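The next block holds one structure in the form of structure tokens; read it before the comments.
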Amino acid sequence: MNSKISFRNVSRRFDLAGGSFLALDRLSLDVADGEFVTVVGPSGCGKSTALNIAAGLVEPSSGEVLVDGRNVRGPGPERGVIFQQYALFPWLTVRENVEFGLRIARKGARERREIADHFINLVGLERFADALPKTLSGGMRQRCAIARAYAVNPTILLMDEPFGALDALTRVQMQDQLLQTWSRERRTIMFITHDVDEAVYLANRVVVMAARPGRLYEIIPVDLPYPRTEEIRLSPEFAVIRNRVWHAVYHQPAMTAEANV
Ligand code: ADP
Ligand code: MG
């Protein structure tokens with residue numbers, strides 16, 4: 001099988017005072033090599049938990065995640081993770097942050113600089129390459145975190161609401177850039193968002209999850225051609241799929257309180 005990421009009956013329980021909470025209930029999902037999957041669902045439905053398990057940052061309580069057929073046992077350089085909260089080293093400049101992973105990968109100084117500058121340009125931070133994160137806006141910090149993740153050229157990108165802090169225009173630009181690099185380099189991407197339009201615009205398939213307990217609800221294929229364009233975004237075909245996803249997210253049958261154990 002050429003499944004790049006495979007969730008197999010993955011559950012995660014968190015201990016709480018006086019009990020435990022089932023954050024993710026038997027998630028099974030296969031993401032194909034080169035596929036772009038987006039994940040949407042109500043707050044608390046286990047999206048981040050699922051992504052963090054694939055990233056090797058959270059252990060499943062039961063079940064397993066396979067990447068390239070191998071059991072995930074921790075983080076790895078083939079999986080780049082981008083969080084909603086920009087995670088930068090505050091004492092390093094933008095360029096040093098972007099070069100960080102390249103240093104670990106033992107790239108030479110010239111190559112590091114070349115690669116870093118390429119991705120700094122890509123996210124539009126060339127004028128701020130020597131700036132410290134604290135002098136940047138939230139959106140700029142996030143673009144720096146994105147450049148840092150892209151720079152190490154992972155075959156898989158795990159992105160947890162990466163564009164949530166960006167203004168609307170920058171967000172659309174970042175979506176198009178992401179699609180361009182994805183189609184050029186054929187990465188496999190799992191991308192969480194709470195924005196239904198964004199989910200449809202980017203994806204081959206939209207994974208809709210439900211809460212209490214967090215679980216797979218529906219998978220909606222997006223049969224729209226790439227490259228995705230403004231024309232596609234504004235088309236009736238797009239609207240049909242968006243409405244279907246919207247309905248799946250916002251009109252899920254209410255769960256009973258008993259299910260929340
Ligand atoms: P989502 O990303 O879909 O909003 P999360 O995966 O962050 O949801 O969380 C799913 C549920 O698990 C939430 O109710 C959250 O409060 C709970 N949860 C997540 N991480 C922890 C943790 N480390 N300890 C306890 N509860 C957690
Ligand atoms: Mg989350």
Side-chain angles (χ1 to χ4, degrees), residues 5-29 31 36-65 67 72-75 79-88 138-139 141-142 145-146 149 156-166 171 174-175 178 189-200 202-203 205-220 245-261:
I5 311 171
S6 185
F7 292 84
R8 297 195 175 165
N9 264 309
V10 177
S11 297
R12 172 69 206 207
R13 211 169 249 292
F14 288 109
D15 294 326
L16 293 176
S20 72
F21 180 83
L22 188 55
L24 193 61
D25 187 17
R26 289 166 292 165
L27 173 67
S28 287
L29 173 69
V31 183
F36 200 137
V37 162
T38 52
V39 184
V40 291
S43 176
C45 69
K47 302 182 294 294
S48 296
T49 301
L51 185 130
N52 288 334
I53 290 173
L57 301 170
V58 169
E59 279 186 31
S61 306
S62 61
E64 58 182 3
V65 177
V67 167
V72 167
R73 303 223 175 275
R79 279 162 288 145
V81 187
I82 300 174
F83 298 102
Q84 183 176 10
Q85 299 290 336
Y86 20 88
L88 299 176
R141 285 182 219 174
Q142 184 62 323
I146 288 165
I156 296 174
L157 282 174
L158 303 169
M159 308 178 77
D160 194 349
E161 305 199 25
F163 303 155
L166 305 179
R171 187 172 187 142
M174 297 297 297
Q175 290 168 0
L178 177 60
I189 303 185
M190 181 171 171
F191 183 111
I192 298 174
T193 177
H194 57 256
D195 181 328
V196 169
D197 276 72
E198 180 169 80
V200 174
L202 295 173
R205 289 188 296 160
V206 180
V207 173
V208 182
M209 293 179 65
R212 283 184 283 273
R215 65 198 187 281
L216 183 66
Y217 183 73
E218 191 178 353
I219 297 179
I220 298 176
V245 174
W246 184 277
H247 194 86
V249 175
Y250 293 103
H251 298 280
Q252 297 177 351
M255 295 300 295
T256 58
E258 292 85 324
N260 187 13
V261 286

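A quick note: this is a predicted structure, and the numbers were derived from the prediction, not measured. Both ligands and their constituent atoms are indexed starting at 1 by order of listing.
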- Query: Taking atom CZ of R8 as the centre, does the number of heavy atoms from other residues, nucleotides or ligands within less than 6.0 Å exceed 12?
  - Reply: no
- Query: How long is the gap from CG on L216 to OG on S28, to the nearest 0.5 Å?
  - Reply: 8.5 Å
- Query: Does CZ belonging to R26 count more than 12 external heavy atoms closer than 6.0 Å?
  - Reply: no
- Message: Keeping to distances under 2.8 Å, can you name the protein N/O/S atoms close to the Mg ion (ligand 2)?
- Response: S48 OG
- Item | atom 7 (O) of ligand 1: the protein heavy-atom neighbour that sits closest, reported with distance to 0.1 Å | S48 CB, 3.7 Å
- Message: Yes or no, since that's all I need: does a protein heavy atom fall within a distance strictly under 4.0 Å of atom 15 (C) of ligand 1?
- Response: no
- Message: If I take atom CG from residue D160 and atom CE from residue M190, how far apart are they, to the nearest 0.5 angstrom?
- Response: 9.0 Å
Can you list, pair by pair, the side-chain donor-acceptor contacts under 3.5 Å of residues 51-65, counting residues two or more places apart and other chains?
residue	atom	partner	partner atom	Å
N52	ND2	S48	O	3.2
S61	OG	R13	N	2.8
E64	OE1	N71	ND2	2.9

- Message: With nothing but distance in play, are any N or O atoms of L16 less than 3.5 Å from an N or O of ligand 1?
- Response: no
- Answer yes or no for S43: is there a heavy-atom contact with ligand 1 below 4.0 Å? yes
- For atom 19 (C) of ligand 1, what's the nearest protein heavy atom and its distance? F14 CE1, 3.4 Å
- Message: Just to confirm my output: which protein heavy-atom neighbour is closest to atom 9 (O) of ligand 1, and how far is it?
- Response: T49 OG1, 3.8 Å
- Item | Nearest non-hydrogen protein atom, atom 8 (O) of ligand 1 | G46 N, 3.3 Å
- For the student: nearest non-hydrogen atoms of I82 and P162, plus distance: CG2-CB, 3.9 Å
- Message: So, taking the atom named CZ in F163 and the one named CG in L202, what distance separates them when rounded to the nearest 0.5 Å?
- Response: 7.0 Å
- Message: Would C45 count as a contact residue for ligand 1, given that I'm defining contact as a non-hydrogen atom of the residue lying under 4.0 Å from a ligand atom?
- Response: yes
- Would you say atom 24 (N) of ligand 1 touches the protein, meaning some protein heavy atom is under 4.0 Å from it? yes
- Looking only at protein heavy atoms, identify the closest one to atom 1 (P) of ligand 1 and say how far it is in Å. G44 N, 3.5 Å
- Spacing of NZ belonging to K47 relative to OG1 belonging to T193, to within rounding of 0.5 Å: 9.0 Å
- Query: Rounded to the nearest 0.5 Å, how far apart are CD1 of I220 and CZ of R205?
  - Reply: 12.0 Å
- May I ask you to identify the nearest protein heavy atom to atom 12 (O) of ligand 1, giving residue, atom name and distance to one decimal place in Å? A23 CB, 3.2 Å
- Query: What's the shortest distance from atom 11 (C) of ligand 1 to any protein heavy atom, and which residue and atom give it?
  - Reply: F21 CE2, 3.5 Å
- Are any non-hydrogen side-chain atoms of H194 and V249 less than 4.5 angstrom apart? no
- Task: Any chance you could measure N9, atom CG, to D25, atom CG, to the nearest 0.5 Å?
- Result: 9.0 Å
- Message: Is any side-chain heavy atom of T38 closer than 4.5 Å to one of E198?
- Response: no
